[in-house]
Asks: 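For reference, the structure I am asking about is given below.
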Amino acid sequence: MLQKPRGTRDFLPEEMERRRLIETRMRTAARRWGYREVCTPIFEHLELFTMKSGEGIINEMYAFEDKGGRELTLRPEITAAVMRMYVNEGKVLPKPLRWCYFADCFRYERPQKGRYRQFWQFGVELIGADTASADAEVILLADAVLRTAGVAFDLHVGHLAPMKHLLHGLPAEEQREIMAYLDKHDLAGLEERLGEKGLGDLFTSLVGLMDCRTPGEVFAITGDLPERERIEETFAILDAQGIAYTADFGIARGLDYYTGMVFEVFAPNLGAENQILGGGAYRLAHLFGGDDVASCGFAIGFDRVMVSLGELLLEGEPIAGVVCTPEARARALEVARAFREAGIRTEVDLMERGLGAQLSHAAKTADYAVVLGKREIESGRVTLKNLHSGEQQEMTLADAIAEVTRFGTC
RNA sequence: GCCAGGGUGGGGUAGUUGGUUAUCCUAAGGGACUGUGGAUCCCUCGACCCGGGUUCGAAUCUCGGCCCUGGCCCCA
């Protein structure tokens, strides 16, 4: 038997409906904030991603050469593609741009819980607004999107400026090394490493920074910084809106294009891969030949959200199964058409089974049965049977449609 | 790339001196029954992840691979 490729999944209709439900909630939330959906190619030039993240990531991409000898790759993320798109065709649009996307990405990595080789991201990019309000909007939107999805989460918000200030003056290589320790929360390793270098004071400052829970505490350690006003304003907006978050100035991003505000979200009920969202302010467009526009965005690991949500109760619209005797088949199709035009999910028998067997099947797959036979043809009416209660009644077609649509349409 | 545990009908289980696999539930298809059958009864279909080795004989022993689950690494 053929297996599906490693790290990929099949989704049966029930699972698909769950995913679509959550996806739609996320899209709707973003749309209400003015974020409009964009779509980029599923494969891009390899260079797009190596320019953004370095050559090292080629090993983790589905990279290939096409028949024309082009170096391509399945997209491992969306932000770079959106920024390329911005440079190609978004530069002249009125700022700020509010874009969102829901798309599958591909990474050649070892699968584990919440990590697949084909996975879906929902994200937004706010392009061209370089203010505390912009930083705050993206965080508030992330909070709204996750809340509408119904997932339990912890939001951590930080800013890179205080840490960069403490590391200022060290060689870039050393800064990266220290940030790697912080990113892993390996304080013991960091203390040892900095102790060797005679930087014990720096270690004390960094640990103090990680413990800060308000901007005020941060600036007591770092002193005044140019970014102080922006940081304080961003946090003030979050506080005024009353969202639940933890200030976390220990969030470290080694990549150069992150410029300021950063935030991460964790789901407490996942395993080793428990980060469900990452976001922040960045500057990328200049890498792809555009202006040095300020941007801010986030990406949600959609599959991890679905894992975190666990079993979801789906409440779909009712389904009608039309069952009929042989002489009523034509009438059955007429009735089915009327039901469908009214927005009711309607299925007719294709197996040419007896009435009883049709009803038996309908009981497993539908909520209502519309029974049609000689009697109904003569009366011009239909028999509507509620397959949950077993109650049934002969009525006009219009009344039957009205009865079923009370419980929803599609 | 590394470590650990796994892989037996669609789903769940059992299966060692190596000897035709088995069982339960359920699903599916067919039949009886032909206006309630959402029932009952009968029948059918259906699996040892793949490949090499040892052996008269491998689900079982052995080697390799694939895949799954969790962890490490990485995480744009």
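Below, chains carry the letters A, B, ... as their sequence lines are ordered, and counting in each starts from 1.
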Asks: So what does A:Q358 hit on the nucleic acid, given a heavy-atom distance under 4.0 Å: a base, only sugar-phosphate, or nothing?
Replies: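 Since no nucleic acid heavy atom lies under 4.0 Å of A:Q358, the category is nothing.
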Asks: Base, sugar-phosphate, or nothing: which does A:K4 touch, judged by heavy atoms less than 4.0 Å apart?
Replies: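 Touches nothing.
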Asks: Given atom CG of A:L12 and atom P of B:G10, what is their separation to the nearest angstrom?
Replies: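 It is 14 Å, rounded to the nearest whole Å.
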Asks: In whole Å, measure the gap between the P atoms of B:G64 and B:C45 for me.
Replies: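 So the two P atoms sit 39 Å from each other.
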Asks: Assign A:G390 to base, sugar-phosphate, or nothing according to its heavy-atom contacts below 4.0 angstrom with the strands shown.
Replies: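 Base contact.
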Asks: So what does A:E60 touch, heavy atoms closer than 4.0 Å: a base, only the sugar-phosphate, or nothing?
Replies: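 Base contact.
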Asks: Need one value for A:E376: base, sugar-phosphate or nothing, where a base atom within 4.0 Å counts as base even if backbone is also close, heavy atoms only.
Replies: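 Base, at least one base heavy atom under 4.0 Å.
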Asks: Between the side chains of A:E192 and A:Y181, is a donor N or O closer than 3.5 angstrom to an acceptor N or O?
Replies: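 Distance-only check fails for A:E192 and A:Y181.
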Asks: Answer with base, sugar-phosphate or nothing: what part of the nucleic acid does A:V371 contact at a heavy-atom distance below 4.0 Å?
Replies: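 Base, at least one base atom sits under 4.0 Å.
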Asks: When you compare B:G19 with B:A59, how far apart are their P atoms, in angstrom units rounded to a whole number?
Replies: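 Those two atoms are separated by 10 Å.
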Asks: Base, sugar-phosphate, or nothing for A:R75, non-hydrogen atoms under 4.0 angstrom?
Replies: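 Since no nucleic acid heavy atom lies under 4.0 Å of A:R75, the category is nothing.
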Asks: Taking N or O atoms only and anything under 3.5 Å, show me the protein contacts with nucleotides 32-34 of chain B, one pair per line.
Replies:
none

Asks: Could you tell me whether the phosphate oxygens of B:G70, OP1 or OP2, come under 4.0 Å of any side-chain nitrogen or oxygen in A:R115?
Replies: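 Checking B:G70 against A:R115, no side-chain N or O comes under 4.0 Å of OP1 or OP2.
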Asks: B:G35, OP1 or OP2 - any side-chain N/O from A:K385 closer than 4.0 Å?
Replies: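 It does not, given that no N or O in the side chain of A:K385 lies less than 4.0 Å from OP1 or OP2 of B:G35.
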Asks: Just jot down the side-chain hydrogen bond (donor to acceptor under 3.5 Å, both in side chains) partners of A:Y245, sequence neighbours excluded, or say none.
Replies: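 Per chain and number, A:Y245 pairs via side-chain hydrogen bond (donor to acceptor under 3.5 Å, both in side chains) with A:D239.
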Asks: State yes or no: are the ring centers of A:F106 and A:F49 separated by less than 6.0 Å?
Replies: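 No, too far apart.
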